[in-house]
Amino acid sequence: MELPKTFDAKEAQTKWLAHWNEKNYFRSEPDDREPYTIVIPPPNVTGALHMGHALNNTLQDVLIRWRRMQGRNALWMPGTDHAGIATQAVVERLIFQSEKKTRHDLGREELVKRIWEWKDKYEARIVEQLKQLGCSCDWERIRFTLDDQCAKAVRETFFNMFRDGYIYRGKRLVNWDPHLQTSVADDETYTEDTKGGFWTFKYEVIDEARPSRREKQYIQFSTTRPETMFGDTALCVHPSDERYQALIGKHVLQPLVNRKIPIIADGLLADPELGTGCVKVTPAHDPNDYTCWQRNPSIGIINILNPDGTINSEGGAYQGQDRFKAREAVVKAMEELGLYEGKEDRVIPLKYSDRSKSPIEPYLSAQWFVRMNGGGGKAEGGGRKAEGEEAGLAQMAIEAVLSDRVKFFPERYKNAYLDWLGEKRDWCISRQLWWGHRIPVWTRKCTDDEDYQWQITTWKQTRNHWIGECDIIPDAENLTIHVCILNDNSHSIPDLEGDAYFRSDEVLDTWFSSALWPYSTLGWPEKTPELDYYYPTSTLCTSRDIITLWVARMVLTGLYNVGEIPFHEVYVHPKMLDGFGETMSKSKGNGIDPLDIIELYGTDALRYAMVNLATETQDSRLPVVNVCPHCSAQVPVKQEHMYMRTKKLACPACKKEFRPGGPWPIDDTALPTAKQGSDKFELGRNFANKIWNATRFILMNLEGYTPGEIDIETLAIEDRWIVSRLATTANRVTEKLEGYHFAEVAKLIYDFVWNEFCDWYIEMSKSRRSDPVCQRVLVGVLDGILRLIHPIMPFVSESLWHALGEVAPERGLPFPAAAEESCCIAKWPHYSDVLIDVGTETGIARMQELVRGIREIRNRYSIDKEPLDVMVRCSASVADDLAALSPFIVSLGQLKSLECGPTVLKPKQAATLVNPEFEAYVALAGLIDPAVEAKRLEKQIEQMRKTHDSTNAKLANESFTSKAPPEVVQQQRDLVSDLAQQMKVLQANLAELLS
RNA sequence: GGGCGUUUAGCUCAGUUGGCUAGAGUACUACAUUGACAUUGUAGGGGUCACUGGUUCAAAUCCAGUAACGCCCACCA
């Protein structure tokens, strides 16, 4: 049997993807085994997967494949996220580009239809990419956060929270676009430095004790937005600002609307260093003032704007004026009143709407919230409550982590989670969008109080009987009634609408449905066998920037809805940065397309690189080069190529032009685009090829292979060694996986395969080609390697698994067994500690040191091939060990002769190798230049002396010998005596050279 | 401004509870070449562990401070 000379990644990917699919290996259904479950962080359907996804999903697949091999019933639940604003914005932009139509031109139904079409296309693309990555998801279970089942879960959650009083109607400042008359999400806005002003005015202080006092007292304050003055409900100073101590608690007169407003102290709002140190408070039109009002609710809050950006009736005479016109008018009026103190020009960061490019107004608007703090307070008996729910939803989620029921890896990320939840800020769940779960609330604006009362009575008495489960939130202030019904049915909606209850236009925050993901995907609210079996899931694997938005909310809703945490462990992986230490993003144009990498290096190489850079503490940089599409030369990427500023580059090698690689929005037909590459991926590709060729070699030398038990007692030392190293490695790999130390897993396997198995064991096996024991060991170790490598590099391992299976279907250490039909379902290796033998490992290490020393001397004297004579002076027991390995030392060191023992004669001209356990003399008659060799020896001795003397000095220090642990002191003593011994040998040799 | 990180070889990164002469990969240099693998092999050079103090017999490692960088959150009337 002979394999091709190199591993063909593309061929293997095509072949095994189809094969695995056909065999249905990744299907999981509840059974008697212990489950291992991961729900995928659903990628947004906004576009293609990027390297962050490649990292995230590779790590999940490693965990899933590993656990599957361990015999767990492994389910990786796949799916995608509708991603509200992000998706809607992308589709809207595209429609506008191609058809010059806005969403208002299309209408809600048409836009949503278009987005669904978009979703179908991109979901398919994402699934295809995940498959290309080798992800072993149970694809039959794929879900979407906006599908019917998720909608059901959303509806159930919303209804329950509504009924339990966790959902309430509240006011909140939103970004209002007066031009489009809609609110916009934060990420739909951009901030631009804009010329503005910094005006200083004064208000008159009302002296209540002596109202007739002649001399009026004023207080100055500054603002960038004079027109909001009608909405001022306070002035604010810093509590420790000495200038204003006497004024705190007094009132001033707002002259334009003749309102008396207080002077308050708030250290969070007022900055004594800025302007006059006094600031006006306009809660309805400024986010900071708004939070100030929340801290000081007594000051009140007044909205002065109409939805179109004109001043409303609160502005008195200014009603109807546009806000910018009003600004000038206000300044003029204040000036006329003698209350204007001056203006300086200032550049102000101003928020604009992405869509209309017009300035955003912070605008007070009614929204739906989920209460985070305290019980809902509405559930009377009957309502099912999770344990600890009285303390509030946030508190439940906090305690789940504090009690270690949910564990974070690395642990430090639990701070981010706890800090954020600790603020217990209510969660605004309504969004003024069209793409998402529509809020299941119908609202009636009642005509008068009588109507309002009648409606409430009706609800209580009759309507809820035939509409099904429903609940209401009455709003007496606005004579409004909100109804939430659990299930739409044939008569409920017409009935409601016939009675002038109209459904909310708004949709839910996209995180509301994501928050239910771990159990909505398993069928909740139905009591499915899946929910019972797989929930709580095992591991959540995510990136740190959504610990708050997503992880915290999953824990919270999981406890509320299911009464149980959603996952036991949260693994937070590092971020991938570009070569300059910046996060990769589309707008910067510094992203890398995983499909480029797969194309150039293969999936296994990509996966290896991802695992290898998933270190414990650090984010990882990934410097890339452009691979010239003409000649494949590697052209480094420079920072100025980012933001897609560089449209073309000339290849320094072939002088032809190309476009730099990256996430370009459109294809350029005129100029070929470079693919991007990196040596990080070469490492993985080379490694896959190394394993391929090691297998290739083994398969070529298996003539006459018979399976059989390995008796470790009678094994040759090198066999004993590699078996011991395999057992050690496998057991450590398992440990590292359990702790999510992915990079160390990659390294352990790489080192074992390359530096031990290939570099040494296979080399040693070459002189024993037809030895059945050696064949069994080779096959057995290779078998273990393929299993170990499979979670990281599934394709190459599967290819080799099948190739090996043809020749050696029965194999194993120490007992042979029939190999499984696929590496996917092969048993994860675990070797008994009996196989580990430290003594043998040190014996081989000594041999390796000797061989390396001989090679070094060969190199130093440029002796290519000529066989050498080597004499090793050592103790009798070391001599025995070396004798057992002497054929290998002779062949690996290309020796003519090797003599070991306590009393060997050293030759006159020899290069010396020293070691605590032996001295080796490599006979080099006539080849040594005594002067050069002497110089080298002197240098070596000098270095030894330095260490020797400093260590000796340390030992002479009594505090060291008394305070340091005895084993450390002993180590140092041994070091000194070893060095002394070795220096003696070298000096003797030096003397002989010079004589 | 608050929080969390990072700073070790030209580059990308390891370095467990402080303890042998600080490691790997890559790049570089020299040599090798038909027998598993040039996606290779053998060897070599390359480090004031960001800086300053402190604790300790002993600091890359622990503590404090400084500087630079990154991320998250808040904010600039």
Side-chain angles (χ1 to χ4, degrees), chain A residues 2-3 5-7 198-200 221-225 228 236 268-271 274-282 286-289 291 348-349 412-413 415-416 419-420 423 544-545 547-548 574-575 577 579-583 601 605 612-613 615-623 678-680 682-701 741 743-744 747 750-751 755 758-759 762-763 766 851-852 855-860 862 864-865 943-944 946-948 950-951 954-955 957-965 967-969 971-972 974-975 978-979:
Chain A
E2 194 166 329
L3 294 172
K5 259 189 133 172
T6 52
F7 169 55
F198 192 64
W199 287 267
T200 301
F221 61 91
S222 303
T223 180
T224 55
R225 304 191 55 205
T228 62
C236 176
L268 290 176
L269 182 65
D271 177 357
L274 198 57
T276 62
C278 175
V279 58
K280 72 192 199 58
V281 188
T282 320
D286 182 279
N288 295 313
D289 295 5
T291 61
I348 312 250
R412 66 173 180 279
Y413 288 116
N415 295 334
D419 290 352
W420 187 78
E423 289 183 32
R544 77 171 94 91
D545 39 7
I547 289 173
T548 54
K575 264 184 125 69
L577 309 175
F580 311 99
E582 297 189 38
T583 46
Y601 303 95
N612 200 31
L613 61 70
T615 57
E616 177 77 348
T617 53
Q618 284 210 290
D619 294 341
S620 258
R621 295 183 180 205
L622 190 60
S678 157
D679 54 19
K680 297 250 184 200
E682 282 176 23
L683 183 65
R685 181 198 55 186
N686 296 356
F687 185 41
N689 195 57
K690 187 75 180 178
I691 301 170
W692 178 269
N693 273 291
T695 308
R696 180 168 178 261
F697 171 78
I698 292 169
L699 292 179
M700 288 191 304
N701 291 285
H741 301 292
E744 293 183 58
K747 202 166 170 38
Y750 185 95
D751 286 346
N755 301 338
C758 292
D759 286 354
I762 290 186
E763 288 308 316
K766 283 178 180 172
V851 171
R852 271 195 274 260
R855 286 173 181 163
E856 190 247 315
I857 289 166
R858 248 181 205 295
N859 250 290
R860 179 149 32 98
S862 301
D864 284 352
K865 283 185 193 143
Q943 257 176 5
M944 285 182 173
K946 233 165 116 185
T947 311
H948 175 267
S950 68
T951 311
K954 206 196 272 182
L955 282 165
N957 186 339
E958 201 180 321
S959 42
F960 171 69
T961 46
S962 61
K963 288 183 185 168
E967 66 271 18
V968 172
V969 177
Q971 268 174 14
Q972 300 289 307
D974 291 348
L975 177 64
D978 286 348
L979 285 170

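Below, read A as the first sequence line, B as the second, and so on, with proteins coming before strands; counting in each chain starts at 1.
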So A/T695, base contact, sugar-phosphate only, or nothing? Heavy-atom distance under 4.0 Å.
nothing
Where the side chain of A/T947 is concerned, which of B/A43, B/C72, B/U21 is the nearest nucleotide?
B/U21
Once you round it to whole Å, what is the distance between P of B/G10 and CG of A/D679?
16 Å
Give A/R858 one of three labels, base, sugar-phosphate or nothing, depending on what nucleic acid heavy atoms sit under 4.0 Å from its own.
nothing
Using the P atom in both, what is the distance from B/G23 to B/U16, to the nearest Å?
14 Å
Could you tell me whether A/K280 sits above the aromatic face of A/F221, with NZ or CZ closer than 6.0 angstrom to the six-membered ring centre and within 45 degrees of the axis?
no
Please measure how far the P atom in B/G65 lies from the corresponding atom in B/C57, and state the result in whole Å.
24 Å
Regarding A/L979, tell me which of base, sugar-phosphate or nothing describes its non-hydrogen contacts under 4.0 Å with the strands shown.
base
Do any N or O atoms from the side chain of A/N693 and from the backbone of A/K5 form a donor-acceptor pair under 3.5 angstrom?
yes
Pairwise P distance for B/G3 and B/A77, with rounding to whole Å:
23 Å
Can you tell me the pairing partner of B/C31 across any strand shown, Watson-Crick or G-U wobble, with both distances under 3.5 angstrom?
B/G41
Test salt bridge (Lys or Arg N to Asp or Glu O under 4.0 Å) applied to A/E856 and A/R852, step by step:
CA-CA 6 Å; A/E856 190 247 315; A/R852 271 195 274 260; over 6 Å; no
Under 4.0 Å between any heavy atoms, over every strand shown, what does A/A964 touch: base, sugar-phosphate, or nothing? Just pick one.
base
So, OP1 or OP2 of B/A58: does either fall under 4.0 Å of a side-chain N or O from A/N957?
no
Taking any heavy-atom pair under 4.0 Å as a contact, classify A/K747: base, sugar-phosphate, or nothing.
sugar-phosphate
Considering every strand and a 4.0 Å limit on heavy-atom distances, what is the contact class for A/D619: base, sugar-phosphate, or nothing?
sugar-phosphate
Pick the P atom in B/U48 and in B/A22, then give their distance to the nearest Å.
12 Å
When you check the phosphate oxygens OP1 and OP2 of B/C37, does a side-chain N or O of A/K5 lie under 4.0 Å from one of them?
yes
Distance below 4.0 Å between A/T583 side-chain N/O and B/C71 OP1 or OP2
yes
Counting heavy atoms from C-beta on, name the nucleotide in B/G19, B/U42, B/A36 closest to the side chain of A/E763.
B/A36
Selection from B/A77, B/A36, B/C13 that lies nearest to any side-chain heavy atom of A/R621
B/C13
When you measure from the side chain of A/V968, which nucleotide among B/A43, B/A36, B/G19 comes out closest?
B/G19
May I have the distance from A/N415 (atom CG) to B/G2 (atom P), rounded to whole angstrom?
17 Å
Counting the atoms with a prime plus P, OP1 and OP2 as sugar-phosphate, which does A/K954 contact under 4.0 Å by heavy atoms, base, sugar-phosphate, or nothing?
nothing
Provide the distance between the two P atoms, one in B/U56 and one in B/C11, to the nearest whole Å.
37 Å
Rounding to the closest angstrom, what is the interatomic distance between B/U8 and B/C49 at atom P?
11 Å
Establish, with yes or no, whether the OP1 or OP2 oxygen of B/C13 is under 4.0 angstrom from a side-chain nitrogen or oxygen of A/T615.
no
Residue whose closest nucleotide on RNA chain B lies nearer the 5' end, A/E682 versus A/S620:
A/S620
B/C37 base / A/K690 side chain donor-acceptor hit below 3.5 Å
yes
Give one of base, sugar-phosphate or nothing for A/R685, where a contact means two heavy atoms less than 4.0 Å apart.
base
Options B/C13, B/A77, B/G19, nucleotide nearest the side-chain atoms of A/T224
B/A77
To the nearest 0.5 Å, atom CE of A/M944 lies from atom CG of A/L975 at 10.0 Å
Have a look at A/R860 and say if it touches a base, only the backbone sugar-phosphate, or nothing, with a 4.0 Å heavy-atom cut-off.
nothing
Please report the C-alpha distance between A/D545 and A/K575 in whole Å, then the side-chain angles of each, then the deciding distance to 0.1 Å, and finally whether the salt bridge (Lys or Arg N to Asp or Glu O under 4.0 Å) criterion is met.
CA-CA 10 Å; A/D545 39 7; A/K575 264 184 125 69; 2.7 Å; yes
Can a donor-acceptor pair be found, under 3.5 Å and without considering hydrogens, that links the side chain of A/R696 to the backbone of A/L3?
yes
Take atom CD in A/E967; do more than 12 heavy atoms of anything else shown fall under 6.0 Å from it?
yes
In terms of heavy-atom contacts, does NZ of A/K766 have more than 12 from other residues, nucleotides or ligands at under 6.0 Å?
yes
Confirm from the modelled atom types if A/Q972 and B/A58 form a donor-acceptor pair under 3.5 Å, side chain to base only.
no
Give none if B/G46 has no partner; otherwise give the nucleotide forming a Watson-Crick or G-U wobble pair with it, both distances under 3.5 Å.
none
At 4.0 Å (heavy atoms only), tell me whether A/C758 reaches a base, stays on the sugar-phosphate, or touches nothing.
base
Length of the CZ-P vector between A/R696 and B/U40, whole Å
15 Å
Measure the distance from CG on A/D286 to C1' on B/A74 and round it to the nearest whole Å.
14 Å
Phosphate oxygens OP1/OP2 of B/A36: is one of them under 4.0 Å from a side-chain N or O of A/K766?
yes
Scanning all shown strands, the Watson-Crick or wobble mate of B/C69 with both distances under 3.5 Å is B/G5
Considering only the P atoms, how many Å lie between B/U21 and B/A60, rounded to the nearest integer?
12 Å
Where the side chain of A/D619 meets the backbone of A/P574, is there a donor-acceptor pair that is under 3.5 Å apart?
no
Mind checking the C1' distance from B/G54 to B/A58? Whole angstroms is fine.
15 Å
Paired nucleotide for B/A24 [Watson-Crick or G-U wobble; both distances under 3.5 Å]:
B/U12
Can you identify which nucleotide, out of B/C31, B/C71, B/U39, has its nearest atom closest to the A/R544 side chain?
B/C71
Between CG of A/D759 and P of B/G41 the distance, given in whole Å, is 6 Å
Under 3.5 Å for both donor-acceptor distances, Watson-Crick or wobble: does B/G53 have a partner, and if so which one?
B/C63
